[in-house]
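Read through the structure below, which is laid out as structure tokens, and then see the notes.
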Amino acid sequence: PSATDRGDQCRVRPTAADQCRVRSTAADRIPPPAPLRGTVMWPDRKGRGMPTHVAVVGAYGSAGVAAAERLADAPDVELTLIDDGDPGGGLCILRGCMPSKEVLSAAEHRFAARHDDRLSGPLPDVDLEAVVARKNEHTSNFAAHRRAAVEELAERDGVAFHRDAARFVGDRRLAVGDRTIDPDYVVIATGSTVDLPSLPGIDDVEVTTSADVLDATAFGDSGVVMGFGYVGMELVPYLSEAAGMDLTVIEHDARPLDEADAPFGDALLDYYRDAFDVDVLTHARERRVEPTDSGGVRLHVSHDGVETAVEADQLFAFTGRRPTLDRLGLEKTALDPGPGWVEATMQTRDDERVFVAGDANGELPLQHEARDEGQIAGYNAARQTGQGFRRRAPLAIVFSDPNIVTIGEPWQTLKDADILVGTCRFERDQRSRIKHADTGVARIYADRRDGRLRGASMAAPDGEHLGTVTSGTVSPNP
């Protein structure tokens, strides 16, 4: 990816025309790539004009297709694309941010109608079958477009595409179906999967994950939710508003989103309790779970030091995601996927010729970050280098109503610094009041010494737009 100069910031960023690409117009401003840990790889191949062979495992995903596009455009690269997705299209399209926004919009419309006292008449129900049908239609179209893009790459000279699973049978040796290949470099972009907690009794009850919610056309009357992070904060309002469920949420800390400061987290907690009538148990920990005689669940928790039990029709687990690495056979390689196993260049610590981009590296499981990381991996593999890039300021958005946005450095790293905090409450903003969208607060964190914006936390109407604009002014993490 190109390093574009923006004041004192050098960051990977998308173009306006195609948010899935990284600019190449400033290529002349990229410093000469540093040799890969002091050594240019495969000089004998380049001297004889032999192409460098790169395999991308997980070519349909956001990181994989970004790496593939970069590599397909590079000279002297033989490219093998591998993905066994059925139908294929990548996590973001099939099970992530795109289908979730589709279903969340239905609850958002009902929520707006319920809270606007200028509207009269009975409050409409959400037709869950229609919601899922439209989501499936759109998702199918988006996925077909992604598959077509990958198949178009495969039509180029020097590019092959295998619709099959890949696993390592040695260092950089891959078994793909009934064949074995030995690429010079491997890009792993296999995404992530839902992660269930290790809780006694969890194998004895039915657990509904975020992926299950996106396909569900019916829910019980009540639910208990484990996990109140970004995914939980999106789906809890959906279950309350669209499905009409009575919900109890287990929150381990005093407030949600510990990336933000206490006043912001407290405001979020109050809002969810009031706007969605959700019972949030703070300072609570799950201990064990068991089925009830009526077919529901009984979750035993420790709440403020007291053991109690919550019964409900359904148990929801919005407890994060983990890298999808299980089927890759990493035990046949030198790779050890522990903390810090992938460096800023997207190279693995244990093998500089293996790159891991996107959710698979467990660092920043966000679609725009996956695209950037795929571009970085493709850039370095094509050039046989280990070039690092200063990344954009971190940006995460919860598509609730109002949108919840965190930008830049988390509050835990800022609270002991010399920081000024600016606060805006949207009930005081005239435009927000006119639009009857005046619920929310924004907190901006600036460095007292030089005025640099270091981060922000927002619960704002249409906050995705305000957050995206603001993120361009926040200094990337040092």
Side-chain angles (χ1 to χ4, degrees), residues 36-37 39-42 44-45 50-68 70-71 77-86 88 90-91 150 154 159-196 198 321-365 370 373-374 376-378 380-382 384-386:
L36 191 62
R37 298 185 187 170
T39 304
V40 177
M41 305 302 299
W42 300 99
D44 55 326
R45 283 178 173 264
M50 297 178 65
T52 300
H53 185 192
V54 184
V56 177
V57 182
Y60 279 142
S62 296
V65 75
R70 176 66 66 170
L71 288 159
V77 169
E78 176 190 352
L79 179 58
T80 299
L81 306 178
I82 305 165
D83 202 302
D84 65 340
D86 183 16
L91 171 65
V150 173
V159 181
F161 180 37
H162 300 294
R163 295 176 182 84
D164 218 325
R167 70 184 188 281
F168 286 94
V169 292
D171 287 322
R172 296 180 306 284
R173 169 166 285 193
L174 292 171
V176 185
D178 58 359
R179 63 182 67 81
T180 300
I181 62 174
D182 293 277
D184 304 324
Y185 296 94
V186 178
V187 177
I188 298 173
T190 47
S192 62
T193 188
V194 292
D195 191 23
L196 294 180
S198 178
R321 305 186 67 85
R322 58 180 174 80
T324 304
L325 303 171
D326 306 24
R327 297 186 301 155
L328 288 179
L330 296 186
E331 67 278 3
K332 302 290 187 181
T333 73
L335 303 178
D336 180 14
W341 76 301
V342 178
E343 300 178 347
T345 59
M346 299 302 117
Q347 295 165 278
T348 60
R349 176 184 54 206
D350 304 310
D351 188 337
E352 60 192 7
R353 300 188 207 173
V354 177
F355 300 81
V356 187
D359 286 15
N361 64 33
E363 291 296 324
L364 295 168
E373 291 178 359
I376 292 170
N380 283 330
Q384 304 169 36
T385 65

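The analysis underlying the following values was restricted to heavy atoms, covering all of them including side chains, and did not include hydrogens, waters or symmetry mates.
Here the rule is side chain to side chain donor-acceptor pair (under 3.5 Å) with Arg172, and of Asp351, Thr333, Asp182 only Asp351 fits it.
The two residues Gly340 and Arg349 come nearest to each other via the heavy atoms O-NH1, 3.5 Å. Taking every heavy atom of both residues into account, Ala381 and Leu71 meet most closely at CB-CD2, 4.1 Å. When all heavy atoms of Ala67 and Val187 are compared, the pair lying nearest together is CB-CG1, 4.2 Å. For Ala357 against Ala377, the heavy-atom pair with the smallest separation is CB-CB, 4.4 Å. Heavy atoms only, all atoms of each residue included: Val186 and Pro183 are closest at CG2-CG, 3.6 Å. Residues Ala59 and Leu81 share a closest heavy-atom pair of CB-CB, 3.8 Å.
Under the 4.5 Å side-chain criterion, counting only non-hydrogen atoms from C-beta, Phe355 is not in contact with Ile188. Within the 4.5 Å cutoff, the side chain of Leu174 has heavy atoms near those of the Ile82 side chain. Glu373 is listed as a side-chain neighbour of Leu364, based on a closest heavy-atom distance under 4.5 Å. Side-chain contact check for Val194 versus Arg321: some heavy-atom pair is nearer than 4.5 Å. The shortest distance between side-chain heavy atoms of Leu330 and Pro337 falls below 4.5 Å.
The backbone N or O of Ala334 sits less than 3.5 Å from a side-chain atom of Asp171, completing a donor-acceptor pair. The main-chain N or O of His53 is found under 3.5 Å from a side-chain atom of Asp184 such that the two form a donor-acceptor pair.
Rounded to the nearest 0.5 Å, atoms OG1 (Thr348) and CG (Asn361) are 11.0 Å apart. Interatomic distance, CG of Leu79 versus CZ of Arg70, reported as 13.5 Å (0.5 Å rounding).
Ring planes of Phe161 and Tyr60: perpendicular class, angle over 60° (limits at 30 and 60°).
Under the 3.5 Å distance criterion, with hydrogens and angles disregarded, no donor-acceptor pair is assigned to the side chains of Gln347 and Asn380.
Screening residues 323-336 for salt bridge (charged side-chain N to carboxylate O under 4.0 Å, His left out) gives Asp84-Arg327, Arg322-Asp326 as the qualifying pairs, with residues at least two apart or on separate chains.
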Task: Trace of the side-chain contact (heavy atoms from CB on, under 4.5 Å) decision for Thr190 with Val57 - done: CA-CA 7 Å; Thr190 47; Val57 182; 3.9 Å; yes
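The side chain to side chain donor-acceptor pair (under 3.5 Å) test applied to Asp83 returns no partner, not counting sequence neighbours.
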